[in-house]
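Note: hydrogens, waters and symmetry copies are ignored here, and every other heavy atom, side chains too, is used. Because the structure is predicted, anything quoted here is derived from the model rather than measured.
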Protein chains: 2
Amino acid sequence: MSVTLADVAARAQVSPATVSRVLNGNYPVAGPTRERVLRAVADLDYVLNGPASALAAATSDLVGILVADIADPFFGMIAAAVQSQIGASGGRAGGERLAVVCATGGAHERELTYLTLLQRQRAAAVVLTGSADENPEHTEAVAAKVRRLEESGTRVVLCGRPPLTGTESTALPFDNRAGSRLLAEHLLALGHRRIGYLAGPEGRTTTRHRLEGHREALAAYGLPDPEPLSVHALYERGAGYTATRELLAREPDLTAVAAANDSLALGACAALRDAGLAVPGDVSVTGFDDLPFSADAVPSLTTIHLPLTEAGARAGRIALGMEARPGEVLPVEGTLTVRDSTGPVRERAAARG
Amino acid sequence: MSVTLADVAARAQVSPATVSRVLNGNYPVAGPTRERVLRAVADLDYVLNGPASALAAATSDLVGILVADIADPFFGMIAAAVQSQIGASGGRAGGERLAVVCATGGAHERELTYLTLLQRQRAAAVVLTGSADENPEHTEAVAAKVRRLEESGTRVVLCGRPPLTGTESTALPFDNRAGSRLLAEHLLALGHRRIGYLAGPEGRTTTRHRLEGHREALAAYGLPDPEPLSVHALYERGAGYTATRELLAREPDLTAVAAANDSLALGACAALRDAGLAVPGDVSVTGFDDLPFSADAVPSLTTIHLPLTEAGARAGRIALGMEARPGEVLPVEGTLTVRDSTGPVRERAAARG
DNA sequence: TTGAAAGCGATACCAG
DNA sequence: CTGGTATCGCTTTCAA
């Protein structure tokens, strides 16, 4: 079969224990001995057996990252940042840790399934990203699973997600409510009064918080509850497209559309274009997440800058046990970034003419 | 400690062997016995120990996916498709397999590092995506690593990447040359003659193949070699921005810009806008990858439709050993999709006026 | 600083 | 169809 630690030990004329110590670098080993071992490792082209060491050490080098959708750059950026930290250094066996990225599709059930799978792998840490399902039963089911993971030594981090009470997990929540409020205030300050709102899917924390922020801003301007101007849709471009067409059919005199995330905003742009409405000027579109490409798609864009990379990197460090105490909550604040002016309100009829 | 298979066996009054058989479902077990075991598993809330079974079985439930950049939807779509297959069914222990996504940043060195890490994990399969480094030494180093992985039972799939000779890996290459040629032909047919070209980073297979296709098209029209109108840049939006500004400064009379991938195209759009050139009409921009959001960013877009989802799904199935014979090459053809008209050539001066 | 040896928890072969 | 058990390769006390 393949080369084992014993083979290396034999060649270096030391005991397996010593080889293990050299490889893990967690025990003192004399210089010359160390050299000899490393040479043997190189000579034999030896690669440690991960499962075997994980079994013996009762922990692995894997870090799980749960996201709703890998193809969505919102999660991609977070995952990349987490990985840049966990791959950077540390880890057992002088090695790097590997990121297991799991796409839940926002389905609660798959979230639990993946947590079990990661528990099975004895993952060193798990990072849960994005919005959480608000169903109390589901929340409790996740909390229970998290507790079990923690009992078996897995560190849990919540990134862009509310804290999970009764667990030791560290939370890095985003201030979605304030961000959304600022976004709406921006449109209101420009004079918009009939603002369509693309809310996310129902029953998710981000959806509710962002919608609440939006409402607060309108209320402060003495405007009626925006309920009739809001549509719920999945956080996907296609859903944003459909929802916007629906909104336009229902409320033809909108002057602006605010979206709860950038994917929805992109869909809105496409829908407006197909409806014969030019995007900058005629109807303003605002996104939320401030993804790099969004500014190209939505030339007059106002977004809330969520420091995804920073948050992901922090999550990664916490996952490695380099920061934070158990159960700590470290809010990640959003910053309003006006990418470009959304311009003055125009009469749709005129612009269309 | 935690519940083990032996505990389950005791509670179900069967041997550990039987529990293992029930859990893996790969040996016949009598109905009633099976029931009893499953009940015990549920009662004890038992979760299989992944490392232990991987050690005993000499293979794990992990599938590695190497990508250049997780935050790039090009790779995100492929990774999502691979995952949809491998998570769907099969796998040991009636369970699903987990995807380990590794971001190499296009760096050859990290590619080898990750392959070693996956070898250490005894990954069931590895999917290498995207362009390959053309340096012969590097190619040989990767091939050697792949051979070693294959020797230890890991299946290797190359998705959107050229075949690796001397290995048993299955390749699903894209026809980059033909795609790029079609793209340039499209612009030429519209009357463009001074076409800027944003090539990818030097020394990568996709860069070369796409550039060759571009050149072939120009040559067929009797145009000079486009060398002076080409700029190499990393496959990133920021690099596309910089490269386009550079190109515009050097060649002020361009009427179109073709980009070797969509990230570059997005950067080009931003650069043109900042340079005071409107995007549709004044200068045409073409992307390559046909990512969902690109059409929003580049309203007059022509792209080569690369069936990323289909290719990823096939890669996933092959990784599970459900398709293809060792060493097989299954080309994935691109299809020219004209998303929208890039419109007639206009005099830049006029458009600017 | 190094070695010997007892597990870690499942798998799969060999019997029955 | 089920049970006993050697084995997988490494980690980590405990001694020396």
>> Rounded to whole Å, please give me the gap between CG in A:Asn49 and P in D:dT7.
In response: 18 Å
> Which whole-number value in Å describes the distance from A:Tyr27 OH to D:dT12 P?
Replying inline: 6 Å
> A:Leu55 has an atom CG; how far is it from atom C1' of D:dT12, in whole Å?
Replying inline: 13 Å
> Within this structure, what is the CG-to-C1' distance between A:Leu5 and D:dT11, rounded to whole angstrom?
Replying inline: 9 Å
>> I'd like to check the side chain to side chain donor-acceptor pair (under 3.5 Å) partners of B:Glu323; sequence neighbours left out, ordered by chain and number.
In response: B:Arg317
>> Rounded to whole Å, please give me the gap between CG in B:Asp61 and P in C:dA10.
In response: 14 Å
>> Just to be sure I understand the rule, does A:Val19 reach a base, reach only the sugar-phosphate, or reach nothing, if contact means heavy atoms closer than 4.0 Å?
In response: nothing
>> If you compare every side-chain N and O of B:Thr18 against the phosphate oxygens of D:dT2 (OP1, OP2), does one of them come in below 4.0 Å?
In response: no
>> For A:Gly50, is there any backbone N or O sitting under 3.5 Å from a side-chain donor or acceptor partner on B:Arg120?
In response: no
> Can you check whether B:Asn135's main-chain N or O pairs, donor with acceptor, with B:Asp133's side chain at less than 3.5 Å?
Replying inline: yes
>> Taking only side-chain N and O atoms of A:Thr33, does any of them lie within less than 4.0 angstrom of OP1 or OP2 on C:dT2?
In response: yes
> Within the structure, does a side-chain N or O atom of B:Ser20 lie under 4.0 Å from either OP1 or OP2 of C:dA10?
Replying inline: no
>> Assuming nearest nucleotide by heavy-atom distance, tell me which of B:Val14 and B:Ala56 is located more 5' along DNA chain D.
In response: B:Val14
> Contact class for A:Ala30 vs. all strands (heavy atom < 4.0 Å): base, sugar-phosphate, or nothing?
Replying inline: sugar-phosphate
>> I need the CZ-P distance between B:Arg120 and D:dC8, as an integer number of Å.
In response: 21 Å
> Looking only at N and O atoms, is any donor in the side chain of A:Arg21 or the base of C:dG3 less than 3.5 Å from an acceptor on the other one?
Replying inline: yes
> Nearest-Å distance, CG (A:Asn24) to C1' (D:dT12)?
Replying inline: 11 Å
> Closest nucleotide of DNA chain D for B:Ala17 versus for A:Pro16: which of these residues is on the 5' side?
Replying inline: B:Ala17
> Rounded to the nearest Å, what distance is computed from the OH atom of residue B:Tyr46 to the C1' atom of nucleotide C:dG9?
Replying inline: 7 Å
>> Can you confirm whether more than 12 heavy atoms, excluding those of B:Glu140, are under 6.0 Å from its CD atom?
In response: yes
> Would you say a side-chain N or O of A:Ser15 is under 4.0 Å from OP1 or OP2 of C:dA4?
Replying inline: no
>> Using a 6.0 Å cut-off, check whether atom CD of A:Glu328 has over 12 heavy atoms from anything other than its own residue.
In response: yes
